[in-house]
2 protein chains.
Amino acid sequence: MRFFAHSPEQIIPAFKVLGEPSRLRILCGLGLECRPVTDIIQATGLGQTNVSFHLRVLREAGFVRAERRGSFIYYCLADTELLRILHDLKQWLDTYQTQGASGARKRRRPAGRHRAAAQPKEAGN
Amino acid sequence: MRFFAHSPEQIIPAFKVLGEPSRLRILCGLGLECRPVTDIIQATGLGQTNVSFHLRVLREAGFVRAERRGSFIYYCLADTELLRILHDLKQWLDTYQTQGASGARKRRRPAGRHRAAAQPKEAGN
DNA sequence: TATTTATATGAGTAATTATTAATATCAGGT
DNA sequence: ACCTGATATTAATAATTACTCATATAAATA
């Protein structure tokens, strides 16, 4: 089954990293700025060792960079382009999640199929 | 801490859904076509009930649509635009993951900071 | 040198979720 | 009506990972 132009094996670990709510909150919280760890701890309400753990996972995955400034370590997004991608997904969700399978607002589903299935359950198994 | 233009709370559940490797493989395997469940089972090597479970999660999250055709249920991506977003992330990873924090190929990090921190560990705690 | 603050790591535990087994339900064919 | 194949659901178990606790390490300050 090969219909994605590329194997998904590369994006799989990236999505695993981003699939943790705490890490996504940390990432989005950084935004366009660099923040010291103490800031991130305060803003997220997570424990210090938990924040440190998630930052290490984000750093090793290449999503953030660390910069030491004196005794503080500042974390920044590796590239703010990542925010655009997250934003694109949010906009996609705005369109397709609300509509669900009941028909896209922006893109019409191809006609001519059998009558569109209701959700399988509703259709009876 | 508010630097993402939007709260991440909307994309968090979406990333949780996509953060499971099996579901990402199913999604990418669909690509531009609709596939019956039997196909997906075969292509992924996952158990039938496991595939059914993941398809339900993907459907409820709005990523795929189900269409019954006779006794077969075909699953399609809700919108192929999603593939573009996944592709964008892959390209971003191509640039930033390999480079890590050692400097972007495409985008220069602003100069003028303290000397760039090594990874924190290497810098000593 | 000692102390304080910042931050990382290892080990253990708690929580979450993927997977499997068993079974139910549905559509189509005989 | 019965049988077959397709597919969903429930419950139990296995696997993974988030979180906490304790502690180590590093930089700055006294």
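Chain naming here is simple, since letters A, B, ... match the order of the sequence lines and numbering starts at 1 in each. Because only heavy atoms are used, hydrogens play no part in the values below, and waters and symmetry mates are left out as well, while side chains stay in.
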Without decimals, in angstroms, what is the distance between [X] [atom1] and [N] [atom2]?
X	N	atom1	atom2	value
A:Arg68	C:dA6	CZ	P	13 Å
A:Tyr75	C:dA8	OH	C1'	8 Å
A:Arg69	D:dA28	CZ	P	14 Å
B:Asp39	D:dA6	CG	P	11 Å
B:Gln42	D:dT7	CD	P	12 Å
B:Glu67	D:dA6	CD	C1'	17 Å

Sugar-phosphate only, base, or nothing, as touched by A:Ser52 at under 4.0 Å among non-hydrogen atoms: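 Base, at least one base atom sits under 4.0 Å.
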Phosphate-side-chain proximity, A:Tyr74 and C:dA6, N/O vs OP1/OP2 below 4.0 Å: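 Answer no for this pair, as no side-chain N or O of A:Tyr74 is under 4.0 Å from OP1 or OP2.
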Phosphate OP1/OP2 of C:dT9 contacted by A:Arg56 side-chain N/O (<4.0 Å):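 For A:Arg56, the contact criterion (side-chain N or O under 4.0 Å from OP1 or OP2 of C:dT9) is met.
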Closest-nucleotide 5' rank along DNA chain C - winner of B:Ser71 and A:Val37: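 The residue mapped nearer the 5' terminus is A:Val37.
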Validation row: A:Leu77, A:Leu32 side chains within 4.5 angstrom (heavy atoms):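 Of all side-chain heavy-atom pairs linking A:Leu32 with A:Leu77, none is under 4.5 Å.
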Pair listing, ring pair (Phe, Tyr, Trp, His ring centres under 6.0 Å) test, anchored in residues 22-53 of chain B, at least two apart: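 Applying ring pair (Phe, Tyr, Trp, His ring centres under 6.0 Å) to every pair that reaches into residues 22-53 of chain B, excluding sequence neighbours, yields nothing.
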Restricting to nitrogen or oxygen on both sides, can you table the protein-nucleotides 16-21 of chain C pairs closer than 3.5 Å?
residue	atom	partner	partner atom	Å
C:dT17	OP1	B:Lys16	NZ	2.9
C:dA18	OP1	B:Arg23	NH2	3.2
C:dT19	OP1	B:Ser22	OG	3.4
C:dT19	OP2	B:Ser22	OG	3.4
C:dT19	OP2	B:Asn50	OD1	3.1
C:dT19	OP2	B:Asn50	ND2	2.7
C:dT19	OP2	B:His54	NE2	2.7
C:dT19	O5'	B:Asn50	ND2	2.9

Salt bridge (Lys or Arg N to Asp or Glu O under 4.0 Å) contacts in which one or both residues fall within residues 44-56 of chain B, not counting sequence neighbours: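 Sorted result for residues 44-56 of chain B: B:Arg56-B:Glu60.
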Within residues 6-19 of chain B or reaching into it, pairs that qualify as salt bridge (Lys or Arg N to Asp or Glu O under 4.0 Å) - sequence neighbours excluded: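 As it turns out, the salt bridge (Lys or Arg N to Asp or Glu O under 4.0 Å) pairs with a partner in residues 6-19 of chain B, which skip direct neighbours, are A:Arg25-B:Glu9.
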Pairs involving residues 42-80 of chain B, ordered by first then second residue, that meet disulfide (SG to SG under 2.5 Å) (sequence neighbours left out):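 Sorted pair list: B:Cys34-B:Cys76.
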Donor/acceptor link under 3.5 angstrom from B:Gln48 side chain onto base of D:dA6: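 No pair found.
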Single-linkage hydrophobic cluster A:Leu46~A:Leu27, side-chain heavy atoms < 4.5 angstrom: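 Yes, A:Leu46 and A:Leu27 fall within the same hydrophobic cluster.
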Residues which pass ring-ring contact (aromatic ring centres under 6.0 Å, His included) with B:Tyr74, listed by chain and number, not counting sequence neighbours: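 Per chain and number, B:Tyr74 pairs via ring-ring contact (aromatic ring centres under 6.0 Å, His included) with no residue.
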